[in-house]
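Everything quoted here is computed from the prediction, not taken from an experiment.
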Amino acid sequence: MGKKQRLKRLRCGRCKVKAPRDLGSQAAADWNGKWVDGRLALVLCPDCQSPEESVEAEANAAELSVGRADGGVFVADPVVCTTGASVHDGEVLYGRDHLARIASTGRSAYLQLVSELPVGTRCVATVGGVMIYLPRKPAPGKGACPPAS
């Protein structure tokens with residue numbers, strides 16, 4: 001068996017300090033990512049962020065929290081969401097811009113495909129990706145029409 005491959009730790013794009021190993025930890029909570037064309041272009045430590053960048057990060061975090069509270073699932077860009085098994089046999093719900101970029105550049109590195117989503121799924125663009133809302137089914141006995149009398 002070969003050597004275990006270790007991922008390189010992210011570094012602040014300005015001062016080069018290393019990001020925390022666990023990006024989901026409290027220590028990483030104040031780090032900020034800048035997204036350009038659906039790609040993470042720059043990572044900033046708390047000390048290097050301008051007040052405007054900090055406010056923007058807080059607003060983005062709040063938007064994602066609200067989306068999750070409403071039942072959404074966040075998927076980071078670049079991603080294409082379809083109702084079929086591919087972009088050819090279903091409706092593209094999100095990611096047409098990524099498909100256009102792939103068609104023009106021929107590069108599809110890191111592209112994710114979320115396929116076979118049920119009809120009625122909503123895909124809402126948000127910072128750095130998409131929030132996917134699956135159709136909700138009413139609870140038993142709720143939302144159904146009462147029987148005719």
Side-chain angles (χ1 to χ4, degrees), residues 1-139 143:
M1 198 161 251
K3 291 182 183 178
K4 187 176 179 180
Q5 186 177 5
R6 291 180 69 160
L7 295 175
K8 291 177 87 174
R9 283 175 60 190
L10 295 174
R11 291 181 178 268
C12 174
R14 294 184 180 146
C15 73
K16 307 302 182 207
V17 69
K18 288 183 179 179
R21 287 191 193 280
D22 180 2
L23 297 178
S25 70
Q26 188 60 38
D30 292 330
W31 281 68
N32 191 1
K34 291 230 171 229
W35 295 83
V36 176
D37 294 330
R39 295 185 183 146
L40 185 61
L42 179 69
V43 177
L44 298 174
C45 72
D47 292 339
C48 288
Q49 295 173 41
S50 70
E52 293 82 12
E53 289 167 331
S54 295
V55 169
E56 180 183 12
E58 288 295 321
N60 294 340
E63 181 180 346
L64 293 176
S65 292
V66 168
R68 286 187 185 106
D70 286 343
V73 176
F74 175 76
V75 180
D77 272 331
V79 62
V80 174
C81 300
T82 70
T83 57
S86 74
V87 296
H88 300 293
D89 66 357
E91 178 185 359
V92 176
L93 301 175
Y94 176 84
R96 290 181 195 284
D97 55 333
H98 300 306
L99 294 174
R101 186 172 54 249
I102 291 166
S104 69
T105 65
R107 287 188 248 147
S108 62
Y110 309 113
L111 180 71
Q112 301 178 78
L113 175 63
V114 179
S115 61
E116 300 183 36
L117 291 167
V119 172
T121 298
R122 290 184 307 119
C123 294
V124 179
T126 188
V127 63
V130 62
M131 194 64 74
I132 301 172
Y133 298 92
L134 297 175
R136 293 186 182 168
K137 295 184 176 152

Please evaluate residues E63 and M131 with respect to the criterion side-chain contact (heavy atoms from CB on, under 4.5 Å), reporting the C-alpha separation (whole Å), side-chain torsions for both, the decisive distance (0.1 Å), and the verdict.
CA-CA 10 Å; E63 181 180 346; M131 194 64 74; over 6 Å; no
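- Between W31 and V17, the shortest heavy-atom contact is CH2-O, 3.6 Å.
- Note that the CG atom of L44 and the OG atom of S54 stand 9.0 Å from one another [nearest 0.5 Å].
- In terms of heavy-atom proximity, L64 sits nearest to F74 at CD2-CD1, 3.5 Å.
- Rounding to the nearest 0.5 angstrom, the gap separating the CG atom in L10 from the NZ atom in K18 is 11.5 Å.
- One finds the CD atom of E58 at 7.0 Å from the CG atom of D30 (value rounded to the nearest 0.5 Å).
- Residues S25 and P20 come closest through the heavy atom pair OG-CB, 4.2 Å.
- Closest approach of C12 and C45 over heavy atoms only: SG-N, 3.4 Å.
- Taken from OG1 in T121 to CD in E116, the straight-line distance is 12.0 Å, to the nearest 0.5 Å.
- Contact detail for L111 and V79: the closest heavy-atom pair is CD1-N, 4.0 Å.
- By the 4.5 Å heavy-atom criterion applied to side chains, Q49 and E56 are not counted as neighbours.
- Under a cut-off of 6.0 angstrom, the local environment of CZ in R96 is sparse, with at most 12 non-hydrogen atoms contributed by other residues, nucleotides or ligands.
- Considering all non-hydrogen atoms of both residues, A85 and D89 come closest at N-OD1, 3.0 Å.
- At least one side-chain heavy atom of D77 sits less than 4.5 Å from a side-chain heavy atom of Y94.
- The side-chain heavy atoms of L134 and P118, taken from C-beta on, include a pair separated by under 4.5 Å.
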Quick one: do D47 and R14 satisfy side-chain contact (heavy atoms from CB on, under 4.5 Å)? Show the steps, please.
CA-CA 10 Å; D47 292 339; R14 294 184 180 146; over 6 Å; no
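- To the nearest 0.5 Å, atom CG of residue L93 and atom CD1 of residue I132 are 8.5 Å apart.
- Rounded to the nearest 0.5 angstrom, E53 CD and L42 CG are separated by 7.5 Å.
- Panel note: side chain T83, backbone E91; a donor-acceptor pair is recorded below 3.5 Å.
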